[in-house]
2 protein chains.
Amino acid sequence: MILMFDYCINRLSAYTSLSIEEKGVLRGVVDKKIKHCRGDNIMLAGSEPKSIHVIYNGWASRYKVLPNGREHIVAYLIPGDMCDVHVTLLKRMDHSIRAETPLTVGVIDGGHVDYIMHCYPNLAKALFWSMLVDESIAREWLVNLAGRSAEVRIANLFCELFLRSKVAGLTSSDTFVMPLNQVKISEAMGLTSVHTNRVIQRLKRDKLIVVNKQNIQIPDFSRLQAFADFNGDYLHMGFS
Amino acid sequence: MILMFDYCINRLSAYTSLSIEEKGVLRGVVDKKIKHCRGDNIMLAGSEPKSIHVIYNGWASRYKVLPNGREHIVAYLIPGDMCDVHVTLLKRMDHSIRAETPLTVGVIDGGHVDYIMHCYPNLAKALFWSMLVDESIAREWLVNLAGRSAEVRIANLFCELFLRSKVAGLTSSDTFVMPLNQVKISEAMGLTSVHTNRVIQRLKRDKLIVVNKQNIQIPDFSRLQAFADFNGDYLHMGFS
DNA sequence: GATAGTTTTTAACATTAGTTAAGAATCAGT
DNA sequence: ACTGATTCTTAACTAATGTTAAAAACTATC
């Protein structure tokens, strides 16, 4: 359980190396852990959270609801990701966050956030950096939705999720865990679940991915990367 | 010319009221003005800019190039917007920025940025806030691309651009200036220019917008808003 | 190992948006 | 006012993705 925070530390370390002290501070400011069931909202659009949340395990999504009732996922959150650092400045959530699997989050409340921001400038920068990487990912998703066919788009998503999982320390060799079903993929990719299914079948048939329950193996990353027109620069984690 | 910076100050004022001193500091840190021709790159993906840029007049776009040569616009920048505050943390640009009209930018170089960040915490927060609003806009664009039909999508864009122009102080009553052609709209909306044209004709025919050269009049904003399924919360500027 | 719930798969058909290419209208510079 | 360049518009045709609904394959639980 002590290791829970390490996914987050791994991720921030892609930006800057954290001192033993800084890592200790990060672990120390977590006030409590909360467990959520799949489907629970961690945070609702319009709310004004006073604390920030770090995902220990499980996946979550940022999503918005359209008037026709359809829900659109604008980001996936994996272990180590922080949910809402931006509320230090934006006051109100402009989207909701939901647990997409059973999930545990660490809660760092407002006072502790302020403490980090004032006393640990290097940590503060790392937190802002992680927000900006989220922004960069959103921009790449825009290109993905606007300019790539369904097949290339989904292949691109798998490349991203594999690398993000890898940086967090969640992969074993060429395999990562993708605990979301095809409906959730379709809600993020702007496709129907039927079409998402057609596309994933083709990716499997062409051995670009090998799926075994929730484990996705990428037998040849560079082949998938080429097919997907994927360039990892936007993750700002030192990939070409 | 002294008033050039006011669009930016207007925008930041939607977040926090700036003191006379702070406004003076912002104006004072601008080292030089640069004029760009339409089509000029202000900043290239992969570069490591040391200064930040504020748009005085004219419009720009953030864009990425796909291997097939197609260019995708991921954000429009209007007078008062800052191009690249995030390079204080992200080092490399993950996208390019281009002047889409003749354009003047103010340049604030690195030293001055550091000075603001250290000595004017309120200003520093305002700059970070503007980045986070950009991120929020990117998320809304994701929903727009993934979940709305071409007609509603473009209507939504016009709502956004009208309100952003209004906050910057660029509108006169119900009219704003949209200096980009239909090709540029299509590059942002993930549509072909032919289809963009079809859609804009329908919006004009239904009097949701009235176009006169580069002036776009919105005779009944609430009607356009309803058609567009637009909710301005994501702009974080106090709209419902 | 039977049952209910969830997720994936299939199929037939409908619709939106893309493609290509050409013509009309508008604009900028002389 | 004339010319060339740009932008907008139209048309006929194509392709990608959406829609609906039902069946099959899993998964978890008793």
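Chain letters run A, B, ... following the sequence lines, proteins first, then strands; residues in each count from 1.
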| field | Salt bridge A:D233-B:R92, side-chain N to carboxylate O under 4.0 Å | value | no
| Where the side chain of A:R70 is concerned, which of D:dT17, C:dG18, D:dT19 is the nearest nucleotide? | D:dT19
| Which of parallel (below 30°), tilted (30 to 60°) and perpendicular (above 60°) describes A:Y76 and A:W141? | perpendicular
| Set of residues satisfying ring-ring contact (aromatic ring centres under 6.0 Å, His included) with respect to A:H95, sequence neighbours excluded | A:H86
| task | Could you state the atom-to-atom distance from CZ of A:R202 to C1' of C:dT10 in whole Å? | result | 13 Å
| task | Could you state the atom-to-atom distance from CD of A:E187 to P of C:dT7 in whole Å? | result | 11 Å
| For the side chain to side chain contact (heavy atoms under 4.5 Å, CB included) test, which of A:I73, A:L77, A:L180, A:I97 pairs with A:S61? | A:I73
| field | B/S/- contact track for nucleotides 6-12 of chain D, protein heavy atom under 4.0 Å | value | -SSBBBB
| message | How many whole angstroms separate atom NE2 of B:H195 from atom P of C:dT15? | response | 15 Å
| Intermediate values then yes/no, side chain to side chain donor-acceptor pair (under 3.5 Å), B:N41 and B:S96 | CA-CA 7 Å; B:N41 279 299; B:S96 303; 4.9 Å; no
| What's the spacing between A:D94 CG and B:R139 CZ if we round to 0.5 Å? | 4.5 Å
| task | Using the six-membered ring wherever Trp is involved, compare the ring planes of A:F230 and A:F221 and label them parallel, tilted or perpendicular (cut-offs 30° and 60°). | result | perpendicular
| Does the pair B:E140/B:R148 count as a salt bridge with the N-to-O cut at 4.0 Å? | yes
| What parts of residues 140-156 of chain A reach DNA chain C, counting only heavy atoms under 4.0 Å away? | none
| Residues two or more places apart in sequence or in another chain: which of them pass side chain to side chain contact (heavy atoms under 4.5 Å, CB included) with A:N68? | A:L66, A:R70
| request: Taking only Lys NZ, Arg NE, NH1 and NH2, and the carboxylate oxygens of Asp or Glu, determine whether B:D229 and A:K64 approach each other closer than 4.0 Å. | output: no
| request: Look at the side chain of B:D174 and the backbone N and O of B:Q217, then say whether any donor-acceptor pair between them is shorter than 3.5 Å. | output: no
| How does protein reach along nucleotides 22-30 of chain D, written 5' to 3' as B (base within reach of a heavy atom under 4.0 Å), S (only sugar-phosphate), or - (no contact)? | -----S---
| End-to-end bend of the helix from C:dG1-D:dC30 to C:dA22-D:dT9 (five-pair axes, 10° rounding)? | 60°
| said: Between A:C83 and A:M43, is there a side-chain heavy-atom distance shorter than 4.5 Å? | reply: no
| message | Just by distance, no angles: are the side chains of B:N156 and B:E160 close enough, under 3.5 Å, to form a donor-acceptor pair? | response | no
